[in-house]
Amino acid sequence: MGAPLFKSTFQVKDYDLDATLDSGQAFRWTREGGKWVGVIAGRWVSLGMANDGLIVRTTSEPGDWHWLRDYLQLDVEYDEIVESFPDDEAIQGAVKACRGLRLLRQEPWECLASFICSSSKQIVQIRQIVKNLCDRFGEHIAVPDESSDGRAFPTARRLARCSEGELRECKMGYRAPYVLGAAKVVTDGGVDLNALNDLPCAEARRELMKLPGVGRKVADCVLLFAYGFEEAFPIDVWIGRGLNQLYFPKREPNRKQLEQFTSTYFGPHAGYAQQYLFHYVRTVLEKPVRGRALAKKK
DNA sequence: AACCAGGACACAA
DNA sequence: TTGTGTCATGGT
């Protein structure tokens, strides 16, 4: 039979669970009957909202909830963050439309491997690749219902033992050698993921970019979503188009110029601003036109 | 049925 | 240093 389930409630305010778990920063959360089911640090977890309270069910012994508070970032000063944004129409509109959207604090290796797989992929496909990896190579974890199959995200050590073909069977295509190479470097200490917390953001970024398949954008995602470097501002195709539309409707700057702009303009919590803009352009601005409106001109 | 996706990389200029 | 073709796979 399944593992016993422990329930606890956390008082939260300004926390939009749906937006947070479904905004393209983490890829394993699934909706199951009004609740979100996922895995945090090898623990099966179910999350739900009711009466301004966050209801948590987990197979992990209650007591020290630090792993949960840290992952969900329950203790951040939300108001201070959104009030630090510049007072322009675009970002203020995004905050107004997405109030309660949060950044998570994910495990570095899972975040890193997932975003190596993310390049030039739609979010639904990234989720499928990550699921394939977990189903094939993740350790079994305790689950409340024996009919379900809970697994942790596979360790770097485990993936380093895979063949490139086994990874390609997870449908990650040309990213397979990247994931394999990164897993090997991380496993034999070429890059120490546990040491990046103590580095300045720029140095941590340089370390990450030593890994195969990790360029500026993937590195920034990991810096922001796993290490909490809030000055990191990942620029993908959506953010690039969004910034062009909202801030530079005529000029159309290139990627480097956008990096310059975003490194100062949005302030010390720029990474949060980035997540608001990302969610905003995807759920509000471009919904009716599905991208065509901003196609390359000429 | 084309077009594009939370890009990185080797290679050109 | 900045710009282009290529790389799998599948959603819309």
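Sequence lines set the chain letters: A, B, ... in the order given, protein chains first and strands last, and positions in each chain run from 1.
Within 4.0 Å of A:R216, counting heavy atoms only, lie sugar-phosphate atoms of the nucleic acid but no base atom. Using a 4.0 Å heavy-atom distance criterion, A:F225 is classed as a base contact. Using a 4.0 Å heavy-atom cutoff across all strands shown, A:S114 reaches no nucleic acid atom at all. Using a 4.0 Å heavy-atom distance criterion, A:I239 is classed as a base contact. A:K171 comes within 4.0 angstrom of the backbone, heavy atoms only, and of no base. Nucleic acid contact class of A:S118 (heavy atoms, under 4.0 Å, all strands): sugar-phosphate only.
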Item to check | Trace of the ring-ring contact (aromatic ring centres under 6.0 Å, His included) decision for A:F261 with A:Y247 | outcome: CA-CA 10 Å; A:F261 171 67; A:Y247 290 96; 5.5 Å; yes
Next on the checklist: What verdict does the side chain to side chain donor-acceptor pair (under 3.5 Å) test give for A:D22 and A:W36, after you've listed the backbone C-alpha separation in whole Å, the side-chain angles of each residue and the deciding distance to 0.1 Å?
Outcome noted: CA-CA 10 Å; A:D22 196 23; A:W36 290 97; over 6 Å; no
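Taking the six-membered ring where the residue is Trp, the centroids of A:F27 and A:F115 are separated by under 6.0 Å.
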Atom pairs under 3.5 Å: protein N/O with N/O of nucleotides 9-13 of chain B:
{"unit_1": "B:dC9", "atom_1": "OP1", "unit_2": "A:G213", "atom_2": "N", "d": "2.7"}

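Which of B:dA8, C:dA8, C:dT2 sits closest to the side chain of A:R168 comes down to C:dA8. In the set C:dG11, C:dG3, C:dA8, the nucleotide with an atom closest to the side chain of A:N254 is C:dG3.
Nearest heavy-atom pair across A:P154 and A:F137 is CB-O, 3.5 Å.
Counting heavy-atom neighbours within 6.0 Å of A:Q257 CD, excluding the residue itself, gives a total above 12.
Connection of A:I141 to A:I40 is not established within any shared hydrophobic cluster, with ILVMFWY side chains joined at heavy-atom distances below 4.5 Å, either directly or through further cluster members.
Side-chain N/O atoms of A:Q125 and base N/O atoms of B:dG6 include no donor-acceptor pair closer than 3.5 Å. For C:dT9, the base has a donor-acceptor partner in the side chain of A:K121 [N/O atoms by modelled type, under 3.5 angstrom]. Side-chain to base pairing of A:Q274 with B:dG6: one donor and one acceptor N or O lie within less than 3.5 Å of each other.
Stacking of A:F115 onto the six-membered ring of B:dG6 is not present when judged by under 5.5 angstrom between centres and under 30° between planes.
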